[in-house]
Amino acid sequence: MTNSGIPGYRETDAGWIPEDWAPLSLGTIASARKNKAVAEYGVRCVELEHIEPETGRLLGWDSSGAQASIKTAFKQWDVLFGKLRPYLRKYAVAPFDGICTTEILAIHPKDDLADRSFLFQLIQGDGVFSTVEALSYGTKMPRVSWSDLADIVVGVPSLAEQRAVAAILTAVDDKLDVIAHQIEATQTLKQGLMQTLFSRGIGTQDANGYWLPHAEFKETELGDVPSCWDVQRLEALSESITVGIATSTTEHYADRGIPLIRNQNIKEDRLDLSDLLLITPEFDAKNKNKRVKAGDILTVRTGYPGTTCVVPEGLGLVQTFTTLITRPRHEALHAHFAARYFNSPQGKKLMLHQAAGGAQQNINAGNLKKLLVPVPPLSEQVRIAEVLAAVDAKASVLRERSVQCRAMKRGLMQKLLTGEWRFNVDAEMAA
């Protein structure tokens, strides 16, 4: 729905807006800081990497004073806007006075024209970013300047209505921030659990099914582990460890055919089935001995070597491109336990130790076979994998909640920043 032709709205350079809104350029209601500074010890400096894309979150800052380049000085509550590669949508509200890289614009509202919270919401709206992306100059490293932004015309309500709009959108931001912290806490919990579970274990079950912590430990090549555990090389726990198919020509690809799993489809403890390539049935038939089966462990060879997942049930005939395939002996090694161990801090360290190469590290099948793996009793392996899966499930629910909340905010922004939804601003709010 648009406001086009609706009584009470008029067509302007900002589009169709309420008749009592003003079509003003960003340069009319806001300014960019021009004061320059050099980093000093104790002065907080914000770089582009400190701003999380699309969320408005400031993840940190540098206060070492080690940067020798000229910076831009900003004030608390300024809107920090990343002008380099603006399609990344990096923006945040400054929580303190400080300095930032000159690749960040420090924007502040002009008195009596714009509310600072409204300005922050306005700048992240599609009405601004659709123009920003079109104005970006440069090919490899596109940028926008303040003069580009200053010319963008937007619909501006009264200050009272600005505050009402900002209050709604800020409340959603606060909810998103809570979810983000919950996700971070869950990830921290998982890291701590992995550190403990792959070295101390869960324990043994008594006659009533309760898990009792291990009491005795022994020294191994992987450090101290419970006395009832073993430590073995991966090849002793696997039916086979092979490399997937390799093709250097597009003639083997097809519009319809057999799905091909590539490195980018392999995530930690999950398989991303989006963006799958297909290969011809004929090429698959020539490589049928390398077909992937449910329960196989897939490990990335290059790029992010060691990233591992398990092939889920019900996938059907699948091939994988150059990925390492481990087919575990199920009576000795639980696939999900092994994959989660490979993705743990301990496992990643061992994986990288086995990797070879300089700028592009890689792991080959021969080195993977030598990887040392802790081997608890199978029942304990299953339980460890279940505990970590439960934490992943919680994180997945939180991420989905975040996606839904962001979608809700996008919808609200479309309605509120165009004036499609209005407020009856009372005298108290207008004060």
Side-chain angles (χ1 to χ4, degrees), residues 187-206 209-242 266-270 295-301 304-311 323-356 361 363-393:
Q187 292 170 335
T188 300
L189 170 65
K190 182 180 177 181
Q191 291 296 309
L193 279 172
M194 287 191 295
Q195 193 69 40
T196 299
L197 292 175
F198 291 119
S199 60
R200 311 295 291 181
I202 286 182
T204 56
Q205 281 184 296
D206 63 13
Y210 293 106
W211 288 90
L212 303 177
H214 293 292
E216 296 183 2
F217 295 82
K218 63 183 179 182
E219 187 176 346
T220 71
E221 293 177 85
L222 293 178
D224 288 348
V225 299
S227 297
C228 64
W229 287 22
D230 197 1
V231 172
Q232 297 189 42
R233 296 195 182 279
L234 185 60
E235 62 183 340
L237 304 167
S238 307
E239 295 178 8
S240 64
I241 299 175
T242 58
I266 300 172
K267 310 298 182 183
E268 286 193 5
D269 303 313
R270 67 183 178 89
D296 285 354
I297 302 168
L298 304 183
T299 300
V300 173
R301 291 186 65 194
Y304 296 95
T307 303
T308 302
C309 72
V310 177
V311 178
T323 298
L324 291 167
I325 309 165
T326 302
R327 187 155 295 159
R329 289 195 289 109
H330 295 294
E331 71 279 4
L333 184 65
H334 187 259
H336 287 280
F337 169 84
R340 291 180 182 282
Y341 175 68
F342 296 166
N343 289 322
S344 72
Q346 305 98 304
K348 285 180 178 178
K349 183 177 179 180
L350 289 173
M351 280 280 193
L352 292 175
H353 181 71
Q354 296 290 351
Q361 288 189 311
I363 302 174
N364 59 40
N367 286 339
L368 188 65
K369 291 177 181 179
K370 301 173 186 176
L371 190 73
L372 290 172
V373 180
V375 189
L378 196 58
S379 61
E380 190 174 1
Q381 291 184 41
V382 172
R383 185 57 184 154
I384 288 172
E386 288 174 347
V387 169
L388 293 174
V391 179
D392 281 342

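No hydrogens, no waters, no symmetry mates; every other heavy atom, side chains included, goes into these values.
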Verdict with reasoning, R383 to E386, per salt bridge (Lys or Arg N to Asp or Glu O under 4.0 Å): CA-CA 5 Å; R383 185 57 184 154; E386 288 174 347; 3.4 Å; yes
Cation-pi check, R200 onto F217 ring (under 6.0 Å, within 45° of axis):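 Yes, R200 and F217 form such a contact.
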Which heavy-atom pair separates [X] from [Y] by the least distance, and what is that distance?
| X | Y | value |
| --- | --- | --- |
| I384 | P376 | CD1-CG, 4.4 Å |
| L352 | P305 | CD2-CG, 4.1 Å |
| T308 | M351 | OG1-CE, 4.3 Å |
| S379 | W211 | O-CH2, 3.9 Å |

side-chain contact (heavy atoms from CB on, under 4.5 Å) for H334 and L378? Distances and angles first, verdict last. CA-CA 7 Å; H334 187 259; L378 196 58; 4.1 Å; yes
So that I can tick it off, tell me whether R329 and E331 are bridged by a salt bridge, with the cut-off set at under 4.0 angstrom between side-chain N and carboxylate O.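 Looking at E331 and R329, the cut-off is met.
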I'd like to know if D230 and K218 make a salt bridge, using a cut-off of under 4.0 Å between side-chain N and carboxylate O.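 Salt bridge flag = no for K218 with D230.
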Please say which of K190, R270, K267 ends up in a salt bridge (Lys or Arg N to Asp or Glu O under 4.0 Å) with D392.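 Among the candidates, only K190 passes.
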Side chain S238, main chain T326, donor-acceptor under 3.5 Å: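 No; judged by distance alone, with no hydrogens or angles, the pair does not exist.
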Is a donor on one side and an acceptor on the other found under 3.5 Å between the side chain of N343 and the backbone of A339?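 Indeed, once roles are kept as given, a pair shorter than 3.5 Å links the two residues.
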Could you please spell out the steps behind the side-chain contact (heavy atoms from CB on, under 4.5 Å) verdict for D296 and V310? CA-CA 6 Å; D296 285 354; V310 177; over 6 Å; no
Would a line drawn from the ring center of F337 to the ring center of F342 be shorter than 6.0 Å?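 Not under 6.0 Å, so no.
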Check the pair H214, E380 against side chain to side chain donor-acceptor pair (under 3.5 Å), reporting the backbone distance first and the verdict last. CA-CA 11 Å; H214 293 292; E380 190 174 1; 2.8 Å; yes
Verify side-chain contact (heavy atoms from CB on, under 4.5 Å) between V300 and T323, making sure each step is shown before the conclusion. CA-CA 5 Å; V300 173; T323 298; 5.7 Å; no
